[in-house]
Number of protein chains: 4
Amino acid sequence: MWREQQAVEPDGDPDGAEAQAPARPGRPRDARAHQAIIDATLELLSADGYSKLTIESIANRAGVGKTTIYRRWPSKGPLVSEVISGLIHLGPMVDTGDTRKDLAIFLKAVLTAMSQPLVGGTIPGLANDMGSDPALAEPFRQFIIAPKRQRVNAILDRAVSRGEIDEDVDRELVMDLLVGPILWRALLTGAPLNTDVTQSIVDHVVRSIGLRPVPQNGEVPAPAGRSQR
Amino acid sequence: MWREQQAVEPDGDPDGAEAQAPARPGRPRDARAHQAIIDATLELLSADGYSKLTIESIANRAGVGKTTIYRRWPSKGPLVSEVISGLIHLGPMVDTGDTRKDLAIFLKAVLTAMSQPLVGGTIPGLANDMGSDPALAEPFRQFIIAPKRQRVNAILDRAVSRGEIDEDVDRELVMDLLVGPILWRALLTGAPLNTDVTQSIVDHVVRSIGLRPVPQNGEVPAPAGRSQR
Amino acid sequence: MWREQQAVEPDGDPDGAEAQAPARPGRPRDARAHQAIIDATLELLSADGYSKLTIESIANRAGVGKTTIYRRWPSKGPLVSEVISGLIHLGPMVDTGDTRKDLAIFLKAVLTAMSQPLVGGTIPGLANDMGSDPALAEPFRQFIIAPKRQRVNAILDRAVSRGEIDEDVDRELVMDLLVGPILWRALLTGAPLNTDVTQSIVDHVVRSIGLRPVPQNGEVPAPAGRSQR
Amino acid sequence: MWREQQAVEPDGDPDGAEAQAPARPGRPRDARAHQAIIDATLELLSADGYSKLTIESIANRAGVGKTTIYRRWPSKGPLVSEVISGLIHLGPMVDTGDTRKDLAIFLKAVLTAMSQPLVGGTIPGLANDMGSDPALAEPFRQFIIAPKRQRVNAILDRAVSRGEIDEDVDRELVMDLLVGPILWRALLTGAPLNTDVTQSIVDHVVRSIGLRPVPQNGEVPAPAGRSQR
DNA sequence: AGCTAAACGAGACGGTACGTCGCGTCTTCAA
DNA sequence: TTGAAGACGCGACGTACCGTCTCGTTTAGCT
């Protein structure tokens, strides 16, 4: 994940088997310390929030030296990024065969993840730190954003293959239209966030991309959403 | 705006005329110091960004004591909130008679405002601080969000009165669908943001709410969702 | 005492009678404010000590503006100096006819004055401020030291006139020998201070200056230093 | 001296030899920083005086963080107390065989020490702070007062053993009579302080305790207080 | 079994900023 | 002009964390 030196697998793998001991000299890193840091981070994060989280307090809580933390993560941003990425499980990538239903399930999962105070309350902090430390952006996108993109792409691919939407639908934009409002509400407006909202969003988005019922019997469907621009 | 005690209008206003001098005891606050603080905040904000912004540096730059700042704002959050709210001019509330065009103009203005590094780079910082200081949320919404809501409402109201959309369109959701993707891209994904994108968003949203062409000559319009444009 | 401008009597006194109103323009100084300041100073001085005393707290306690204090005293030093000088009453200048007894009474009075926490706890603060502000030295000597010198001089003068000591006794030094140990103990050593101590000091000093019994009947007195006590 | 935790000797000393390294965990305190602080304090103390001395300025001058100072001393009082205690060298404890001469040498040394602006100008500040912080009194007495007491005791012990004074002479009081007037003059009266004065004080004190010439040849000395000088 | 070398806890280090306090001055309105 | 009120620029306070740096100790793999 973010290990700085260690754990960076030396490419050659003579055994061909499972990654053997990397055989570095010196005392190996202590897995218990690692876990203690992550646990402490979680506890403090949920207790006081991202901006009040300090490396010092994590070290104290974990019973660990500050260097032990800095040896693994360059700052609290990547540490937290890794920690909360472990919390965001969008669940299994379901396939109901119904595009609208798939999208609704997906968006509900996103909502659930963002609704965890731990997650929702931490995202803006990370986004903020991305300003001063662009290096933080990459892992963030990798852990937080990529899974969502992947899911939406899969759903839309299936819809295309079923002939429900045109091929040229802008997948990126669809993801933005789905997830953006969730973020906007969670971070800024404070407007309510519940399953009804995600359903409404999905309904609107589905209509906006001209989702057609699954063509059956080779019947040509009405040219819904034809010739827009 | 955020003055803590001063400028709190005494309720009764017997004359009904302009708010007379409240005549608070003691030396009144210095308007030049106030302005100097705001100017310095702006300069430093654009130079170093929100997270590196410091009350101390603002005071230095403004040639002002720290207490003079603390007397007016409880922390840098509300100060910055007020300062950047002055930057977000969505422009005059235009009415082209064309709903799609109105929305496009609106969203482009939002994009322009968010694209200012000063603004876009500051929003997540504020959102972050809102976690530890919920009191910050209110002015934020007042200055940042309310104007947008107001515009969207106006545009949709006109559309309804022209019979282009149904009355029961969820105005709040429309705003979310329009603005959310902008925020999502600006803060997190790093995806490109330009006029094409805003146009695409508007197109999708417009279709999602079943915008009809203006009914003319008493002609009954085609059913919603059909052959728009 | 320390009034800065006011109270400096304009020399000419046209009426020749009692000092009429000086007839200065503007509102006259408020005697109640003056007293309130002094009272507040006393209270705070005894509560928190000299070094924690602040002009600000005095003004608050007295219900008075800071300027009202600064108009009368240039800093807390002279103010306190004046205030505690009012506390040091060495009592009436007694004359028992017995030099030893007179000195003992005097020194006991000094001890009593210095033992007031208000006084003893304040002296070093004033002495300290005299370092940075030599102007403070003068009123200090005037109010605190001069009365003591005066008493010792009077006692020794009577002793000389009675022929108990030689004329060339160093009055200044005698005062130092009497008062110095009191100060030394009170401020620095923390050694006990009580009437026994003052009596011991007096005994020693009296012997050191060769006090003779009052020569009576033209009888030649016994050699100095004989059989005191 | 005043180290807060460090250097606190672990009680048991099994070897009886030199205090072994206590082997406290963590990085040991930096002796050079320690010295730099003391040097800076001295320089600033002599330049600006005690009351204008600032922890902040010491840290700057010493090239040291403020915490590094606070880690060692709780406030400027104890720091200065330790620093100036290093300056008060009463010189070697001489023994001329002549009590009067020994006392004169001692008192002259005291005068010399107190006359250093660094010392004399600092004492009242410390005495003042002892009011608000009684904990300051202890090191003060240890460093400033104890050495004097020790000297006077030694001188008087020798005088007793030579039969020059009675055994029951109040040593504490003698010290007070000697040193008190010096302090009194230095701090408060502003009266001159020179060798003549110390000699006069010694003369008076010596007479006040009935110092007899050294008894020689088993001859019984004349009664106390007789014909000295 | 000894050697080398990294990781570990502890905590000191030079810094920066915090938010507060008090200074002595000033500016307002009301007596 | 005085007085209460309170804002002002300033400087220092003592604290919290930063990220780095020693310490002595522990824990491995490699001679």
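What you see below is based on every heavy atom in this structure, not just the backbone, and it leaves out hydrogens, waters and symmetry mates.
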N or O in side chain of [X] less than 4.0 angstrom from [N] OP1/OP2:
{"X": "A:Arg29", "N": "E:dA7", "answer": "yes"}
{"X": "D:Arg71", "N": "E:dA12", "answer": "yes"}
{"X": "B:Thr68", "N": "F:dG9", "answer": "yes"}

How do A:Ile55 and B:Ala33 order along DNA chain F: which one's closest nucleotide is nearer the 5' end?
-> B:Ala33
Contacts of B:Pro25 and A:Lys76 projected onto DNA chain F by closest heavy atom; the upstream (5') one is B:Pro25
Tell whether B:Arg27 reaches the base of F:dA7 with its side chain through a donor-acceptor pair below 3.5 angstrom.
-> yes
Determine whether any donor atom in the side chain of D:Lys66 lies under 3.5 Å from an acceptor atom in the base of E:dG15, or the reverse, and answer yes or no.
-> no
Take the protein atom [atom1] of [X] and the nucleotide atom [atom2] of [N], then report the distance between them rounded to whole Å.
{"X": "C:Arg72", "N": "F:dT2", "atom1": "CZ", "atom2": "C1'", "result": "9 Å"}
{"X": "D:Arg32", "N": "F:dC21", "atom1": "CZ", "atom2": "P", "result": "14 Å"}
{"X": "B:Ile37", "N": "F:dG9", "atom1": "CD1", "atom2": "C1'", "result": "12 Å"}
{"X": "B:Glu56", "N": "E:dG15", "atom1": "CD", "atom2": "C1'", "result": "13 Å"}
{"X": "D:Asp48", "N": "F:dG11", "atom1": "CG", "atom2": "C1'", "result": "14 Å"}
{"X": "C:Tyr70", "N": "F:dG6", "atom1": "OH", "atom2": "C1'", "result": "14 Å"}
{"X": "C:Lys52", "N": "E:dC23", "atom1": "NZ", "atom2": "C1'", "result": "19 Å"}
{"X": "A:Ile58", "N": "F:dG19", "atom1": "CD1", "atom2": "P", "result": "11 Å"}

Atom NZ of A:Lys66 and atom OG1 of A:Thr68: how far apart are they, to the nearest 0.5 Å?
-> 11.5 Å
Separation between CD (D:Gln35) and CG (D:Asp30), nearest 0.5 Å, reads 11.0 Å
Contact nearer the 5' end of DNA chain E, comparing D:Ala62 with A:Thr67 | A:Thr67
Heavy-atom nearest nucleotide on DNA chain E taken for A:Gly65 and for C:Thr54; more 5' hit belongs to A:Gly65
Distance-only polar pair, side chains of A:His34 and A:Arg72, donor-acceptor under 3.5 Å | yes
So, the side chain of B:Thr54 versus the backbone of B:Ser57: is there a donor-acceptor pair under 3.5 Å, distance only?
-> no
Counting N and O atoms only, with roles assigned by atom type, does the side chain of A:Lys76 sit under 3.5 Å from a partner on the main chain of A:Tyr50, one being a donor and the other an acceptor?
-> yes
